[in-house]
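Here's the structure, in structure tokens; my notes come after.
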Amino acid sequence: MATSSSKDKQVFEQIEKNYRYLNKTMVEEINIAAVHGGLTGDYREEMWIKFFRSIIPLKYSIAQGVLIIDSEKRVSREVDIAIYDDQYTPYVFQYNTLKFIPIEAVVVAIECKSTDVDEEALITWADSITQLEPKASGIARTLSGYSVGFTNPTQKKSRPIRILATNLTKVKDTTIQNHITNLQGSFDFVILKQPKEDTLFEVIVPNENKSLGWWGDTLNGLPLQQEGEEILKLHPTTPALFEGMTKSHPELKFNEEQVALDNTLADLRIPNNPLLTLNFQLNQLLMLINNPMLFPHFAYAKAFQEVALQTQSLN
């Protein structure tokens, strides 16, 4: 294998350095906007939209100030930023400036806050998304023929990755740890500021040490494996294919006995570079989500049929 030259390494050094500079710049922008109270809310969301747009694949769209819906006629609380797939889910229902996006399309839901962390309100916000039920009744033509979502065990459902982006400063480890502990069932990523003169945004992942197998099961609504034994099963493959892989792919933690991987999100952490770490971790999770889901046209049509008939009966 050819080794990289010093010039090649400088490219990686500059990219890593640029992410740290970006982090510092974003904090400075937020601080400046905070001086002008009227700018803070909108500016904060626009800043995060710009950042996430720069790191996620172009197949995903980003919308600000949306409501997520399901075919059972349930609606979430307002979502500050939603990342969704509109290539396979063409229905982004709009009422004047309001946008309603089906749960089947949403892969990331982001709540932006300033320094006020109301745990009860945040948990309620997350629960309003958790209650939404993706339907696995979409129909599509696949390589093997026509398929319905529920006939494919890997495409039954998914849930959005939930992110809390806050301007809260990490004043005391115990205070923040209490917040993280109380919110770990509601948010997958928590972004906050470090308490230093040269302040940076820090990214906390409560379940960072869980395996990718655990994340895949959690995000795709599959039964969780026994605690401590969560693995990412590989398919299709055999133990024989693992021979020699440990040396050629040292970044992967092969479990030859179970034909699986034991990697965790912690393996993607870049020292002292939270935003570059977020880039790798978030995009890895996006590759585990069942997306695109086959859109359940009949389920949503049924919901609107019921509404239309009820409206007509009242007139």
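What you see is a predicted model, and the numbers here were worked out from it, not measured in a lab. Sequence positions, counted from 1, serve as the residue numbers for this chain.
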Is the backbone N or O of [Y] less than 3.5 Å from a side-chain atom of [X], with the two atoms forming a donor-acceptor pair by type?
X: Gln284; Y: Leu286; value: no
X: Asn273; Y: Glu16; value: yes
X: Asp70; Y: Glu72; value: yes
X: Ser76; Y: Ile68; value: yes
X: Asn263; Y: Glu251; value: yes
X: Asp262; Y: Ser211; value: no
X: Asp85; Y: Ser61; value: no

Specify the closest pair of heavy atoms between Ser71 and Ala303, including all atoms of both residues, with the distance to one decimal.
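It is O-CB, 3.4 Å.
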Please walk me through it: do Ile139 and Leu294 pass side chain to side chain contact (heavy atoms under 4.5 Å, CB included)?
CA-CA 6 Å; Ile139 306 170; Leu294 302 180; over 6 Å; no
Between Glu104 and Tyr300, is any side-chain donor less than 3.5 angstrom from a side-chain acceptor?
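Side-chain D/A pair, Glu104 to Tyr300: present.
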Using a distance-only test with no angle check, is there a side-chain donor-acceptor pair under 3.5 angstrom linking Gln64 and Glu46?
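No pair is found: no donor N or O on one side chain lies under 3.5 Å from an acceptor on the other.
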Out of Ile161, Ile191, Ile81, which one pairs with Ile110 under the side-chain contact (heavy atoms from CB on, under 4.5 Å) rule?
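Exactly one pass, corresponding to Ile81.
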Kindly check if the number of other-residue, nucleotide or ligand heavy atoms within 6.0 Å of CG (Asn272) is above 12?
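Check fails, neighbour count at 12 or below.
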State whether the number of non-hydrogen atoms from other residues, nucleotides or ligands found under 6.0 Å of Phe280 atom CZ is greater than 12.
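Not more than 12 within 6.0 Å, no.
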Could you give me the CA-CA distance, side-chain angles and deciding distance for Thr264 and Lys210, then say whether side chain to side chain contact (heavy atoms under 4.5 Å, CB included) is met?
CA-CA 6 Å; Thr264 69; Lys210 295 284 190 179; over 6 Å; no
Check the pair Leu261 / Lys253 against side chain to side chain contact (heavy atoms under 4.5 Å, CB included), numbers first and verdict last.
CA-CA 5 Å; Leu261 294 177; Lys253 297 179 177 178; 5.9 Å; no
With the threshold set at 4.0 Å, does a side-chain nitrogen-carboxylate oxygen contact exist between Arg269 and Glu208?
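Yes, charged N to carboxylate O under 4.0 Å.
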Electrostatic pair Arg77-Glu111, nearest N-O below 4.0 angstrom:
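Not counted as a salt bridge, because no side-chain N and carboxylate O are separated by less than 4.0 Å.
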Chi angles and distances behind the side chain to side chain donor-acceptor pair (under 3.5 Å) call for Gln184, Asn207:
CA-CA 8 Å; Gln184 66 180 354; Asn207 292 299; 5.5 Å; no
Is Phe52 close to Leu278 at the side-chain level, that is, under 4.5 Å between some pair of heavy atoms?
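Answer yes - side chains close enough.
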Cation-pi geometry met for Arg162 and Phe187 (6.0 Å, 45°)
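Geometry flag: not set, cation outside 6.0 Å or 45°.
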Are Phe304 and Phe93, when compared by the centres of their aromatic rings, separated by less than 6.0 Å?
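For Phe304 and Phe93, the ring centres are under 6.0 Å apart.
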Start with the C-alpha gap between Lys17 and Glu13, add the side-chain angles, then the distance that decides, and say whether salt bridge (Lys or Arg N to Asp or Glu O under 4.0 Å) holds.
CA-CA 6 Å; Lys17 181 179 179 181; Glu13 290 172 357; over 6 Å; no
Checking Thr130 against Arg159 for the side chain to side chain contact (heavy atoms under 4.5 Å, CB included) test, could you report, in this order, the C-alpha distance in whole Å, the side-chain angles of both residues, the deciding distance, and whether it holds?
CA-CA 7 Å; Thr130 303; Arg159 75 153 174 86; 5.8 Å; no
